[in-house]
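Heads up: the structure comes next, in structure tokens.
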Amino acid sequence: MIELYWLPRIENWRERLRHLGEAGDAAWDEAVALAAARIDTVQTNALDTIVRRTFAAPPKSLSDKPIRLALLGSSTMAHLHAAVRVAGLRRRMWVETYENDYGQYWQELADPESNLHRFKPTAIVLALDAHHLAGGIDAAASAADVDAALAEICERIRTCWRLARDNFRCAVIHQLALPVHPPLLGSNEHRLTGSRAAFIAKLNAELRRMADAEGVDVLALDDRAARDGLFAWHNPELWHRAKQEVSPAAAPMYGELIMRLVAARRGRSYKALVLDLDNTIWGGVVGDDGVEGLVLGQGSPLGEGFVHFQDYARELSRRGVILAVVSKNDEKNALEPFDRHPEMVLKRGDIASFVANWSDKPANLRMVAEELNIGIDALVFIDDNPFERDLVRRELPMVAVPEISDDPASYAQTLADAGYFEAVTVTAEDRARSGQYQSNRQREQLKASATDLGAYLRGLEMRLTWRRFDRVGLNRTVQLINKTNQFNLTTRRYSEADIVGVMQDERAFGATLRLIDRFGDNGIIAIVIGRLQSDSDLLIDTWLMSCRVLGRQVEPTTLNLVAALAQQLGARQLIGEYVPTAKNGMVKDHYARLGFSAIGGSGEAARHALDLTGFVPRETFVELIEERADD
Amino acid sequence: MTEPEIYETLTTIFRDVFLRDDLDLTPTLSAKDVPDWDSFKQIEIIIAVEGHFGIKFRTREMDSLNNVGDLVQLIASKT
């Protein structure tokens, strides 16, 4: 059975569930806590029932818009809804689910009068089971028959994806089929043209290629079956009984996999892995045992296990996950293995934030989040000590703290199974990010050595290069728009289709800005979208920026750009909006700081105006350069 | 495993599945006595029992279950 084994067990879970309804204002937090425990299918269903009973509607405090997720399938999925909703709850997301009438996925996608259209999904999972897909194949089929069937099914699925995207402009997830067919030949099954097992394998490979081209994300149940064992996912008895392709026993993990993809698309995956040191990335206590006494590397199974885990952490960092260290140690001792232990895979340069002292770990984790300029809810903390894990969970429930055994051989797999860092695209920016954090440290050091701020900023030799929205940068633009929470004036989330809309709108502009300085390229760090509201007023619909470049005069330089682009559209006044959320308090006075005057606002939003007729570009140490699409 | 022990574990499972802490199990209790006991709940019970007792039911065995007493007998024969 697949369990959510990285989540902690909660001692009195049953009692707490039964008192959830009496928790009043704290009920939502309590429900989230109960969802973040190691629970099975029965507990998952019970939690979902009580949550639905307690909350008639999503709580007002949520930072994410409710998700309307449609499960479109060829077989029964009713037993999976609760687990999907609870996996959302685990992420503080409110999820409504929908399922098509049995077998009617195609009709409901195509028919504008269908219940699916009335449901207005914001995410769609297309789950076609292996029996349905291989229905036309038999062992006597010719190669031509099989090719024709494959082409026809691929075309049908592509049409479904396009219907989903065009009708609802929403995220589309395609669930790859489980390899449920027993082989007819055996190991060389692929040599039998008409093998259903071989057909499903071929189809899954083809769908992966197609999904990349169509902007669809896959839910790789075939991979999970290879890892967990087919029968952890599929129970043939229950298939015959109730046409459940995914066994109810696997439902909690199924919900996890779906919501990881949904969260990743919304920029809600975790961003940093924070490592404890002693007995987490090496064996022994460096302060007591000395560098020579550490268990690390060849010659000991345990030592090789730690090397394996370090290697996994370094691989994660190479694809964009930030690494940090929080350890109870004297800093000098903690750094020594990084500098001179020959078997260390992780080097000092791989760690973007290194905190070794004797303060409590929650305080140090706050410090790491601050230094990296990311939310504390973007941290995953791995520590072999159950006491420390418990303390962090209690003080900082938003930090993910996996349960781990005392065997380092299992740590990498635990992190992978927990899916904290689920990602759906890999941009060059992600790969370069660790390097960027390193350069940030060098900048900090320059700042410490320069006596006045002006000299420091001038010394950075900053260039802000900007370009209008274009197809090339679309991926990164959408990624930033959907994951930036703190420096984000309006927190409006947009899809690729929305951005293309801005590109085509003659009364609007959208631009991405990249900051380059003498220490390197910071990548795309800001996005602005402006829309003419009337002939004279230009509304700054979106203004967001990476916190990594705070205090670098990027804001006034960006204002110069916005003003120039607005004037090109004939605007005589800029209107800036601040829409407060739980996370963007830092930009509350953004427009006031830039010289806008408050003009009231509608509802939650505070509005500010800046006259453009007498606008004088702000003087900064940042050079503004346009980068044209054909450059 | 003794029958009383099986009843004890089953009671917890049934109370969690139906979210009814007043539910007491008797050998003759069956789906018609409990309002929400439909085929989905039946499968949920089976899954939970298989997980808790570390056993597996076959199709014929599942089809032969008419009440709680049958389920207890079946579990007893496998543990």
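So you know, we letter chains A, B, ... as the sequences are listed, proteins then strands, and number each from 1. Note that this is a predicted model, so its numbers are computed, not measured.
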Query - Identified side-chain contact (heavy atoms from CB on, under 4.5 Å) partner of A:Trp239 from the options A:Val180, A:Val246, A:Asp129 - result: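 The passing option is A:Asp129.
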Query - B:Trp37 and B:Gln42: side chain donor to acceptor below 3.5 Å - result: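 Yes, a side-chain donor-acceptor pair sits under 3.5 Å.
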**Report entry** Toward chain B, the part of A:Gln244 with a non-hydrogen atom under 4.5 Å
**Finding:**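 For A:Gln244, the contact with chain B is made by the side chain alone.
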Query raised in the report: Looking at A:Ala251, A:Pro248, A:Pro236, A:Ala242, which has the largest count of heavy-atom pairs under 4.5 Å with chain B?
Result: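 Top count of heavy-atom pairs under 4.5 Å with chain B: A:Pro248.
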Answer with side chain, backbone, both or neither: which region of [X] has an atom nearer than 4.5 Å to a non-hydrogen atom of chain A?
X: B:Lys41; answer: neither
X: B:Thr59; answer: both
X: B:Asp21; answer: side chain

Query raised in the report: Quick one: are B:Leu65 and B:Phe57 in side-chain contact, heavy atoms under 4.5 Å?
Result: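 No. Closest side-chain heavy atoms not under 4.5 Å.
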Query raised in the report: How are the rings of A:Trp94 and A:Trp28 set to each other: parallel, tilted or perpendicular (split at 30° and 60°)?
Result: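 Ring orientation of A:Trp94 relative to A:Trp28: tilted.
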Query raised in the report: Which value, rounded to the nearest 0.5 Å, describes the distance between A:Tyr5 atom OH and A:Ser405 atom OG?
Result: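 Going from OH on A:Tyr5 over to OG on A:Ser405, the span is 9.0 Å.
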